[in-house]
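A short worksheet on the structure shown next.
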There are 2 protein chains.
Amino acid sequence: MAGPRRRTVRDLRRNNRATVLSKLYFDGPLSRQELGPLTALSSGSISNVVAELVADGLLEEAGSVDSDGGRPRTLLRVAPGSGHLVGVDVGETRVRVELFDLALSELARVDAPLPDGRPGGKYDAQDVVRLIAAGLTRVLREADVEPGSIVGVGIGVPGIVDASGPSGAVVHGQTIGWDAVPLEAMLRAPGELPPELPLFIDNGAKTLGRAEMWFGAGRGARNAVITLIGSGVGACVIADGVPYQGSSSSAGEWGHTVLRVGGRECRCGARGCLEAYVGAEALLERWREAGGSWTSPDEEGALAELLDDPSTGQLLDETAEFLGAGIADLVNLFNPERIVVGGWAGLLLGPRLIDPVRRAAAAYALRHPFAQTTVELGRLGTDAVTVGAATLPLARFLETGGARRERIVSGAS
Amino acid sequence: MAGPRRRTVRDLRRNNRATVLSKLYFDGPLSRQELGPLTALSSGSISNVVAELVADGLLEEAGSVDSDGGRPRTLLRVAPGSGHLVGVDVGETRVRVELFDLALSELARVDAPLPDGRPGGKYDAQDVVRLIAAGLTRVLREADVEPGSIVGVGIGVPGIVDASGPSGAVVHGQTIGWDAVPLEAMLRAPGELPPELPLFIDNGAKTLGRAEMWFGAGRGARNAVITLIGSGVGACVIADGVPYQGSSSSAGEWGHTVLRVGGRECRCGARGCLEAYVGAEALLERWREAGGSWTSPDEEGALAELLDDPSTGQLLDETAEFLGAGIADLVNLFNPERIVVGGWAGLLLGPRLIDPVRRAAAAYALRHPFAQTTVELGRLGTDAVTVGAATLPLARFLETGGARRERIVSGAS
DNA sequence: AACGCTTAGATCACGGTGTGAATTTACCCT
DNA sequence: AGGGTAAATTCACACCGTGATCTAAGCGTT
């Protein structure tokens, strides 16, 4: 409402700290000399800012490079151990908690199965909260990291996360039977987690998309869409370098784009959704309708069987046409530089479908925006959900110029 | 690439000038006293910034208000005459040039028909350039305004405008036969326009969307989609208060969203596009196929006849379903607070279709994001293209804190 | 008419910022 | 050991926003 927070001169400094920190984080070790042009700061400011960051322990020197004749440049990098990140993946059957250093190297991991048996496939949010809290303490003990060094905790959950309300993030997860679960408030309740620990909750598919943007096939793009094809279909839209959220954080529900008015019924209740044609669940259902059968107990194995079956050519071609049309919608509406096909089913189908999908997308999309876009396969498996979740606090850390948690808290309260 | 331009302390001032100017522009006359909390600036800075803006002639006093007992507050407002804006609408048959003051009051207008007769319906870009230049000088003479006070010229054209290239905006207009016309470079050629005049070229539908956001049904929304249904179908997506452009400024091509894979052929070459069902041209074509006929020579009259004909109920219901599904796609993908149905055909069909369209959208969209959205009719006619075009330089003017043109130019060169 | 009261707006010392030239540092080569 | 060279630091300068203090401009009462 009040616009950017840059009002006083001190905010300038914070901004410049953030610029230097981010540049150093993403573009490897750099000398102060190189940093100048790259950040559009004068040499004096670079020295000043860097000295401050080094004093705070956020930056460290990383060797030096001869510079023919003169004083060698000392390289700087973000100190990986100066902070820690926690990524949590709340899946449909288990909760995974992972501890990373700032460089996102894994330091410890805990997997905990969810107690099932709730009626109607639902599961209790309180169980999830407990598992997260227990996993956090365990992971900290395993890696011998003190809680104070944690920059923040990122949590990926299955379902729409609405953070627009007053009491923190609220989760609507149709598949797990959560309806407006105030997960953030529950986690912040006394006794669950260390108090004042910054929490970041987002849709698991979106955290996976973030990981793909930071370290996978989306790297370097400013406008991209990461599509996630699993049992269902989702997407993570990156607009101008930041995830596009919409007014209640539920933008990018690509799976329920209408591709055939009055078509197949989708599990969302509508008809003709993309997900009703290319989601793994729907694809298997369509195979069954066409007389196919499989032996694997899980969808992943079944889908592999579908791919191996020689009689599914037409089904797959049809799927490629729908997927291509869905991608064409993304191209026309978002005009991205890159579209990444990911998710476990997307990666499984990818090698077989990517070329017909590209052809279909070319046929359905407008020429001009399609020419600006590349359609690629994702590079990261679903394991990356925790990594993506951890990028949430990491992004904040970089944006705020590595503000210490204490400072944020005291400033905000 | 190098992030925000706020590096030095002077940029702080520019930023604060912009904040004050924008607040005053949108929220009417305000006193310095009220301005403080509203802009999060201290009283000292307000005094300082306001004094500077008054000295520059951008702000003026506008009466005063008693404040029970004490010194009355003097109200401030943006001086309407301290700058002028030009909005140009390049239509398919004529070029309209309009001159506004800063408050967007019309001061003069020129309409010039395009010389037709080009083979294949194309028309020469050079003609358009000449008409714009001639219109500009004429409009300035009529209103007795000196060229130096023009803040900038906004131009709405039919077609995709790609401003990502090195030589300025390039226009791809399929309907008018323009293929990569370097309109900006042509306008900047010596002798055409006053040199160094800031030009802003954008798709005409998008400028209309901007007008609807600033002064019409979109007012106050941060995330909105203005749909424009005319002969064809387009949309203007507003994300976080700014128009979403995509990587080559062609985002929001909603008309070619696929609603029926393998469906009706669209004039874009693909099949099953939204435009192939609900655009006025397609709608009339479908009526003809169903045995309908009309007498009006133009689409607008014909569409009115279609609406009056009692036998078109089913056709219109079907149209509403497609339009609703298309709107559901917007809801699912963009999660806006508001969707505005505009464009001449949209406004014509609106009263009849809006309710069934809302029902269809509710059926096809996901519950949660749909609950956040209102679907409304637009309030502005197609006349507003010029106003919307003029908001392009106006937005820049406000963003830069009313930087004088000379300063921008000298700073940029 | 004079005085006090109240509130709006201006002024100013202060701490803070980035700039860019001058200076210092650190290493190589002769 | 001394000169050359390039990196990094230092520092005077011009600015900025803050917030307390001061001045301006009305009103109500005496």
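From a predicted model like this one, the values you see are computed outputs, not experimental measurements. The analysis underlying the following values was restricted to heavy atoms, covering all of them including side chains, and did not include hydrogens, waters or symmetry mates.
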ask   = Under the criterion side chain to side chain contact (heavy atoms under 4.5 Å, CB included), which of A:Leu394, A:Thr391, A:Val387 is the partner of A:Phe100?
value =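 One option only clears the test, and that one is A:Val387.
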task = May I ask you to decide if the ring planes of A:Phe334 and B:Phe334 are parallel, tilted or perpendicular, using 30° and 60° as cut-offs?
result =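 Correct class here is tilted.
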May I have the distance from [X] (atom [atom1]) to [N] (atom [atom2]), rounded to whole angstrom?
X	N	atom1	atom2	answer
B:Arg14	D:dC15	CZ	P	14 Å
A:Arg10	D:dC15	CZ	C1'	17 Å
A:Glu34	D:dA6	CD	P	15 Å
B:Leu30	C:dA8	CG	P	14 Å
A:Arg73	D:dA7	CZ	C1'	9 Å

key: Donor/acceptor link under 3.5 angstrom from B:Arg71 side chain onto base of C:dA8   =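 Answer yes: a donor N or O sits under 3.5 Å from an acceptor.
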Could you check which of [options] has an atom nearest any side-chain atom of [X]?
X	options	value
B:Ser45	D:dT18, D:dC16, D:dA8	D:dT18
B:Gln33	C:dA8, D:dG19, C:dG16	C:dA8
A:Arg13	C:dG9, C:dG18, D:dT18	C:dG18
B:Pro72	D:dC15, D:dG17, D:dG26	D:dG26

Check this one for me: any side-chain N or O of [X] less than 4.0 Å away from OP1 or OP2 of [N]?
X	N	value
B:Ser42	D:dT18	yes
B:Asn16	D:dC16	no
A:Ser43	D:dA8	no
A:Arg32	D:dT9	yes

inquiry  = Please give me the minimum heavy-atom distance between B:Phe200 and B:Gly152, naming the atom from each residue.
reply    =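 That would be CE1-CA, 4.4 Å.
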ask   = What closest approach, in Å, do B:Lys206 and B:Cys236 show between heavy atoms, and which atom pair accounts for it?
value =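 That would be O-SG, 3.7 Å.
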message = Looking at A:Arg17 and A:Gly401, would you say the former's side chain and the latter's main chain have a donor-acceptor pair under 3.5 Å?
response =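 Side chain of A:Arg17 to backbone of A:Gly401: a pair is present.
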query = Relative to the 5' end of DNA chain D, which residue comes earlier, B:Glu52 or A:Ser47, by the nucleotide with the nearest heavy atom?
reply =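 Here A:Ser47 is the residue nearer the 5' end.
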key: First encountered from the 5' end of DNA chain C, between B:Ala51 and A:Leu41   =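 The residue mapped nearer the 5' terminus is B:Ala51.
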